[in-house]
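What follows is a short report on a single structure.
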Amino acid sequence: MANISFISIEFPAGGTERVTINLARPLTDMGHKIYLFVYKLDKEKLPANLPIEYIELPYPSNNAQNFDTIVEAITRYNIEVFFSPAIYPRFMPKLYATGLCKIVHVLHSCPFYEDIAQWHNIMHPNKGSLKSIVKNYLIRYPKYKLGYYHRRTLRHYKRKYANVDAYGVLFDTYGRQIASTLGVDYASSKLVTLRNPIEPCKQCDNPVEREKIVAYVGRLSRYDKRVDRLLDVWHRLHAKFPEWRLWIVGSGDDRPALEEYAAQNNLCNVEFLGYRSEVDDIYRKVSIVCLTSNFEGCPMVLLEAQEYGCATIAFECSSGVREILSPNMINGACVPNGDIDAYTEALARLMEDDELRHTIQQNGVENAKSFAPQISAQQYNDLIERLLAK
């Protein structure tokens with residue numbers, strides 16, 4: 001078996017780090033030794049007995065100045081495969097050129113999500129000076145419409161693809177999309193599907209026996225998560241369903257604006273619960289978990305919610321969301337992207353139709369089993385063996 005490494009900016013932190021945590025034990029059971037390069041290591045939040053050896057970096061993980069530290073560690077620990085999930089550090093082409101180990105970059109979002117984020121930032125700029133507003137609409141907007149930002153994003157993808165031994169994607173559809181855009185044959189390409197694993201839930205209750213609670217669980221950031229759209233939906237529904245509550249679980253820069261919107265519109269039964277390091281108790285109580293994102297790769301919150309027996313609903317903002325929630329109204333509710341009216345109608349149906357909600361809850365539990373850690377770890381193991389056999 002092999003010595004392998006992952007890299008993270010802060011650990012443990014968000015969904016990408018949870019993937020590394022969930023892979024660690026099954027990969028170790030397969031005989032692999034796991035190292036983690038990390039800039040900020042929060043030792044108080046580390047899971048107990050996690051089989052990872054940590055190598056702390058002197059600079060933020062994307063910084064090219066980490067190159068010597070990483071090369072020294074790769075040599076010392078005989079690291080054979082270097083996984084770079086989500087981030088693609090600036091030193092990667094240089095590291096790939098050394099041939100010291102196999103390099104695998106894993107895209108943890110949908111392909112070309114950068115274009116979606118750029119468009120949102122142009123259309124919803126942060127409050128700033130008149131100069132910055134004028135620059136946004138007179139320079140950035142025309143550049144976007146003329147394709148400047150897309151061409152720049154495409155150059156980045158080509159550069160990454162050229163400087164890795166394997167390019168991981170979360171779903172087969174993502175790999176085909178990238179292959180088509182880059183003009184490569186998918187079957188013989190470097191692209192490989194590596195599913196995100198979810199942690200096995202602990203002592204799940206009957207998914208049917210839940211409180212009348214709708215919840216959002218995740219980061220409160222406007223450019224991607226768009227929780228403001230969920231509050232807009234709740235604005236239309238709260239008077240019709242006075243027995244239901246809405247929980248917003250998470251923290252982020254958008255929280256003050258969300259709380260202000262809820263207060264100004266007198267939204268009933270809305271509670272902001274803040275950040276929770278453990279959300280098992282949330283998933284066991286709530287009936288429906290909502291996602292209203294601009295884009296998603298493989299949204300862990302949907303899978304975790306399904307695993308715990310919650311009904312799920314999301315905008316069809318990527319093929320990854322569609323794969324998790326398909327067929328519609330069987331594993332979950334998949335709503336046309338950005339259609340607030342359709343989302344409101346679908347959520348209302350879940351809230352009032354107990355039989356439908358219970359069916360979706362039970363089917364979701366079965367669907368989540370295909371994302372078990374052992375299944376994802378086997379995909380990683382197969383890739384490791386294939387790379388090292390070359």
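With sequence neighbours excluded, no residue forms a side chain to side chain donor-acceptor pair (under 3.5 Å) with K285. Every residue two or more places apart in sequence or in another chain that forms a ring pair (Phe, Tyr, Trp, His ring centres under 6.0 Å) with H120 is listed here: H124.
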Full working for salt bridge (Lys or Arg N to Asp or Glu O under 4.0 Å) between R152 and E114: CA-CA 10 Å; R152 184 177 67 180; E114 298 91 341; over 6 Å; no
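Counting only heavy atoms from C-beta outward, the side chains of E199 and R18 never approach each other to under 4.5 Å. A 4.5 Å side-chain heavy-atom check between I282 and L273 finds at least one atom pair inside the cut-off. Side-chain contact check for P58 versus N66: some heavy-atom pair is nearer than 4.5 Å. Between R255 and Y275, every side-chain heavy-atom pair lies at or beyond the 4.5 Å cut-off. I340 is listed as a side-chain neighbour of F315, based on a closest heavy-atom distance under 4.5 Å. Looking at heavy atoms from C-beta onward, E307 lies out of side-chain contact with Y283 at the 4.5 angstrom threshold.
Ring planes of H235 and H238: parallel class, angle under 30° (limits at 30 and 60°).
L23 is connected to L46 through a chain of hydrophobic side-chain contacts under 4.5 Å among Ile, Leu, Val, Met, Phe, Trp and Tyr, so both are in one cluster. Cluster annotation: M1 is not connected to I79 through the hydrophobic network of ILVMFWY side chains, with a link wherever side-chain heavy atoms come within less than 4.5 Å.
No side-chain donor from either of Y144 and Q118 sits under 3.5 Å from a side-chain acceptor of the other. Side chains of Y113 and S318: a donor-acceptor N/O pair is absent below 3.5 angstrom, by distance only. Side-chain contact check for N294 and Y223: no donor-acceptor pair (N or O, by modelled atom type) lies under 3.5 Å.
At least one donor-acceptor pair under 3.5 Å links the side chain of Q379 to the backbone N or O of R195. One N or O on the side chain of Y174 and one on the backbone of G320 form a donor-acceptor pair closer than 3.5 Å. In terms of modelled atom types and a separation under 3.5 Å, the side chain of N269 and the main chain of L246 share no donor-acceptor contact. Under a 3.5 Å cut-off, the side chain of D353 and the backbone N or O of R349 do not form any donor-acceptor pair. Although no hydrogens or angles enter the test, the distance criterion places no donor-acceptor pair under 3.5 Å between the side chain of Y167 and the main chain of Y157.
Residue pairs that meet the side chain to side chain donor-acceptor pair (under 3.5 Å) test with at least one member in residues 335-344, sequence neighbours left out, are R236-D341. For residues 36-45, no pair satisfies side chain to side chain donor-acceptor pair (under 3.5 Å), with sequence neighbours left out. For residues 362-390, the ring pair (Phe, Tyr, Trp, His ring centres under 6.0 Å) pairs, not counting sequence neighbours, are F83-Y380. Among residues at least two apart or in separate chains, there is no side chain to side chain donor-acceptor pair (under 3.5 Å) pair with a member in residues 78-106.
Exactly one residue among L387, D382, L383, D172 makes a side chain to side chain contact (heavy atoms under 4.5 Å, CB included) with V192. That residue is L383.
The side-chain tip of K158 does not point at the ring of Y161 from less than 6.0 angstrom away and within 45° of straight on.
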